[in-house]
S.K.: 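Following this message is one structure expressed as structure tokens.
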Amino acid sequence: MAIDDEQIIENNPPEEEEEEEEGEQYTYSDLDESTTEQVTPPPTKIPRSSSSSSESSENVDQSLMYSVERYRKNKNQETPDVKKIVRREEVRSPERRAMIAVQQQQEQHNPMYDTPRAQPQVCPKQKIKALMEEVSAQQSIIHQTTQALNLIHSSSEYKGSMEEVEAERLLLLAAQRRHACLNEIQRLKNPPAKQGVLRTSEGEEIIPCSGSVTIQDIRLPLKTEYVLNQGSNSRNCHYYIVLLRQRENVIATHMLSTIDGLSGDCLPFTNMIAMNNIDSDFVVEVGIFEMYIKRKMDGHGETKSRSNFLNALTPKKLKSMKNTKMPPVSSPGGPGAIRTSAFTLVGTSRLSLASSKVSRFTLSKVPFNSPLEGSIHLKLTCRTKSNVTHRGWLTMFDDISGYGAWHRRWCVLNNGFISYWTFPDQEKIKPPIGSIDLHTSSTEEVAPISRILCARPNTFEVVTCRPASKYDKETLVTKPSDSVTNTMHRMSADTKEERIEWIDNLNTVLLDLRTWNKDPRFN
């Protein structure tokens with residue numbers, strides 16, 4: 001008696017299931033603690049149907065593959081999921097687990113991880129604590145310098161020496177840094193409103209990025225009469241030092257004197273001062289400090305002056321001088337009193353981002369009898385630290401012989417330029433076929449274009465300007481005027497999400513360039 005294939009298949013499944021259950025048994029003792037096994041179950045068998053059953057014939061018709069596309073689609077659907085068997089997670093120390101938990105909590109709840117533009121910010125309480133420690137450190141320096149000055153003033157040997165001038169300079173720096181830290185603590189307790197924030201049409205706020213400021217070529221002009229009267233043998237000497245203060249940071253130039261440091265009619269300070277990671281609304285306060293002393297004469301002049309002084313004395317005066325003892329000079333408030341520096345403020349000025357194109361600044365609070373002319377010359381350079389980079393496909397509008405055409409380009413936004421190529425792999429091997437300079441853009445805010453002006457969806461526009469030329473003609477993308485020629489750059493993204501990303505990045509770059517580069521084209 002012949003047995004059908006269907007009956008054989010129907011009797012066999014229980015045995016196969018038992019074999020599969022036996023095959024899926026694993027001994028966990030053989031696995032390592034950090035090993036991960038991947039187990040793939042055996043593919044399911046499709047039972048063959050007899051020609052007598054109508055239901056089986058319908059199943060056969062449904063399982064037939066009439067095209068390669070349907071075969072691949074069904075094959076992907078039938079691919080079983082990969083099972084992972086892990087005995088237990090990696091063993092970590094309590095300190096390591098706590099650190100990982102803190103990092104995960106910060107990434108979930110801290111908004112600074114949501115965007116790559118955000119920079120790590122220090123908690124105001126932690127910053128106030130660090131500033132208080134700095135105040136204590138500067139206070140100890142003030143105490144030590146005061147004791148050194150008391151020792152110097154108790155002996156006439158060091159009066160007017162470089163030791164005294166250097167101690168007065170250290171006392172000035174410590175006092176100014178302490179005062180700057182205290183002012184910054186008060187500012188952190190009552191923070192002012194943020195300036196320069198751009199609010200988009202969608203209600204989002206964009207804050208300008210931080211930047212760096214470099215100050216160099218500092219020159220301090222002196223009065224012509226003072227320079228002509230100042231001789232190499234003169235004992236009258238003025239020491240000058242320039243202090244730059246930006247919030248809690250106080251930076252000092254080297255010290256120059258009117259005897260050794262003159263170059264023509266000015267004092268040149270060769271320091272190059274750099275301030276990094278400062279906001280666009282920064283204010284740098286410049287202070288000129290002066291100290292006047294009478295320098296000691298050289299050995300020959302001092303010996304000659306002493307011999308003339310002794311020759312003019314009578315025996316009676318000499319005897320009275322020997323019996324008289326000069327008391328030591330100390331601090332008026334006692335040995336524990338705090339001294340104030342002999343350097344006095346003789347001129348102030350303020351630097352900001354708006355004064356980046358100015359090289360001569362007028363000094364205020366200059367005394368009438370000061371050797372200073374009343375101004376200071378320096379070079380102020382501001383640089384932005386905008387690190388916005390974005391890549392993707394855009395369809396760009398162009399004018400070809402008076403007809404509008406859309407071309408698909410691979411675009412890269414970097415360093416204030418939109419460079420584009422035909423294919424992505426050409427970015428690293430070929431120069432771009434074109435670029436858009438966002439430094440010359442007159443667009444205040446990039447936004448989607450209305451469908452009335454452009455029927456293509458997800459389209460936005462950037463307008464750049466350049467000096468007008470007599471050869472400029474009005475086209476679909478160019479509109480010349482009397483002095484400026486405007487060029488319209490329309491770009492379309494593939495999806496709404498990509499359009500939003502491009503518009504956000506472009507607005508961020510334009511805000512950074514408009515804030516840090518004070519160019520008339522942005523006004």
Side-chain angles (χ1 to χ4, degrees), residues 198-202 206 357 384 386 388 390-424 426-427 430-496 498-523:
L198 173 65
R199 185 179 294 274
T200 61
S201 58
E202 298 179 356
I206 303 178
K357 304 297 181 181
T384 176
S386 179
V388 179
H390 191 67
R391 288 176 170 82
W393 286 103
L394 289 175
T395 306
M396 309 181 72
F397 181 78
D398 197 5
D399 182 8
I400 300 178
S401 301
Y403 295 94
W406 293 87
H407 300 281
R408 190 170 175 81
R409 301 289 185 236
W410 175 258
C411 301
V412 176
L413 172 62
N414 190 21
N415 293 329
F417 289 87
I418 302 178
S419 305
Y420 48 91
W421 292 263
T422 307
F423 301 103
Q426 297 177 351
E427 178 184 348
K430 290 184 178 181
I433 59 178
S435 62
I436 302 173
D437 187 4
L438 297 179
H439 296 80
T440 62
S441 175
S442 60
T443 304
E444 294 184 1
E445 180 187 352
V446 182
I449 298 179
S450 174
R451 298 295 294 271
I452 300 176
L453 300 177
C454 182
R456 195 178 187 92
N458 302 320
T459 303
F460 52 91
E461 182 182 67
V462 176
V463 179
T464 58
C465 57
R466 56 181 174 83
S469 174
K470 61 179 181 179
Y471 301 104
D472 293 337
K473 297 181 180 181
E474 185 174 355
T475 63
L476 296 177
V477 297
T478 304
K479 293 182 179 181
S481 61
D482 296 336
S483 59
V484 176
T485 299
N486 295 323
T487 305
M488 174 189 63
H489 305 275
R490 288 185 177 178
M491 294 160 280
S492 175
D494 294 342
T495 61
K496 179 181 178 181
E498 293 182 3
R499 182 201 70 191
I500 295 174
E501 290 181 1
W502 276 103
I503 288 178
D504 291 344
N505 289 315
L506 287 173
N507 283 328
T508 302
V509 172
L510 290 177
L511 177 61
D512 295 341
L513 296 177
R514 188 181 298 109
T515 303
W516 286 94
N517 300 335
K518 293 299 181 180
D519 200 307
R521 290 171 293 191
F522 288 105
N523 299 331

S.K.: At their closest point, which heavy atom of Val484 faces which heavy atom of Ala468, and how far apart are they?
M.R.: N-CB, 3.7 Å
S.K.: If you take all heavy atoms of Cys411 and Tyr420, which pair is closest and at what distance?
M.R.: SG-CB, 3.8 Å
S.K.: Does any part of the side chain of Thr487, heavy atoms only, come nearer than 4.5 Å to the side chain of Ile436, both counted from C-beta?
M.R.: no
S.K.: To the nearest 0.5 Å, what is the distance between CZ (Arg490) and CZ (Phe397)?
M.R.: 7.0 Å
S.K.: Within the structure provided, determine whether Thr508 and His390 are in side-chain contact (heavy-atom separation under 4.5 Å).
M.R.: no
S.K.: Does any N or O in the side chain of Asn507 come within less than 3.5 Å of the main-chain N or O of Val446, such that one atom is a donor and the other an acceptor?
M.R.: yes
S.K.: Ignoring hydrogens and geometry, is there a side-chain-to-backbone donor-acceptor pair from Asn458 to Arg499 under 3.5 Å?
M.R.: no
S.K.: If we ignore hydrogens and angles and just use 3.5 Å, is the side chain of Thr443 paired with the main-chain N or O of Val463 as donor and acceptor?
M.R.: yes
S.K.: Among Ile418, Leu413, Asp504, exactly one meets side-chain contact (heavy atoms from CB on, under 4.5 Å) together with Val509. Which residue is that?
M.R.: Leu413
S.K.: Just so I know, are the side chains of Asp437 and Thr464 near enough to count as touching, which here means a heavy-atom distance under 4.5 Å?
M.R.: no
S.K.: Heavy atoms only: give me the nearest Leu476-Tyr403 pair and the separation to one decimal.
M.R.: CD1-C, 3.9 Å
S.K.: Can you tell me how far the CZ atom of Arg408 sits from the CE atom of Met396, to the nearest 0.5 Å?
M.R.: 12.5 Å
S.K.: Going by an N to O cut-off under 4.0 Å, is there a salt bridge joining Asp472 and Arg466?
M.R.: yes
S.K.: Over all heavy atoms of both residues, which pair between Ser441 and Val462 is shortest? Give the atoms and the distance, please.
M.R.: OG-CG1, 3.8 Å
S.K.: What's the shortest heavy-atom distance between Trp410 and Arg391, and which atoms?
M.R.: CZ2-CB, 3.8 Å
S.K.: Under the rule for side-chain contact (heavy atoms from CB on, under 4.5 Å), what residues qualify as partners of Asn415, not counting sequence neighbours?
M.R.: none
S.K.: Enter the distance from Glu444:CD to Arg514:CZ here, rounded to the nearest 0.5 Å.
M.R.: 6.5 Å
S.K.: With a 4.5 Å limit on heavy-atom distance, are the side chains of Trp421 and Pro432 in contact?
M.R.: yes
S.K.: Rounded to the nearest 0.5 Å, what separation is found between the OG1 atom of Thr485 and the NZ atom of Lys473?
M.R.: 13.5 Å
S.K.: Mind checking the CG-CG spacing from Leu438 to Asn414? Nearest 0.5 Å is all I need.
M.R.: 11.0 Å
S.K.: Under the side-chain contact (heavy atoms from CB on, under 4.5 Å) rule, what do Glu461 and Met488 come out as? Steps first, then yes or no, please.
M.R.: CA-CA 7 Å; Glu461 182 182 67; Met488 174 189 63; 2.6 Å; yes
S.K.: Looking only at atom types and distance, does a side-chain atom of Ser492 sit under 3.5 Å from a main-chain N or O of Pro457, one as donor and one as acceptor?
M.R.: yes
S.K.: What distance separates Ile433 CD1 from Thr422 OG1, expressed to the nearest 0.5 Å?
M.R.: 4.0 Å
S.K.: What is the ring orientation for Phe417 with His439, classed by angle as parallel under 30°, tilted 30 to 60°, or perpendicular over 60°?
M.R.: tilted
S.K.: Mind listing the closest non-hydrogen atom pair of Cys465 and Asn486 along with its distance?
M.R.: CB-OD1, 3.4 Å
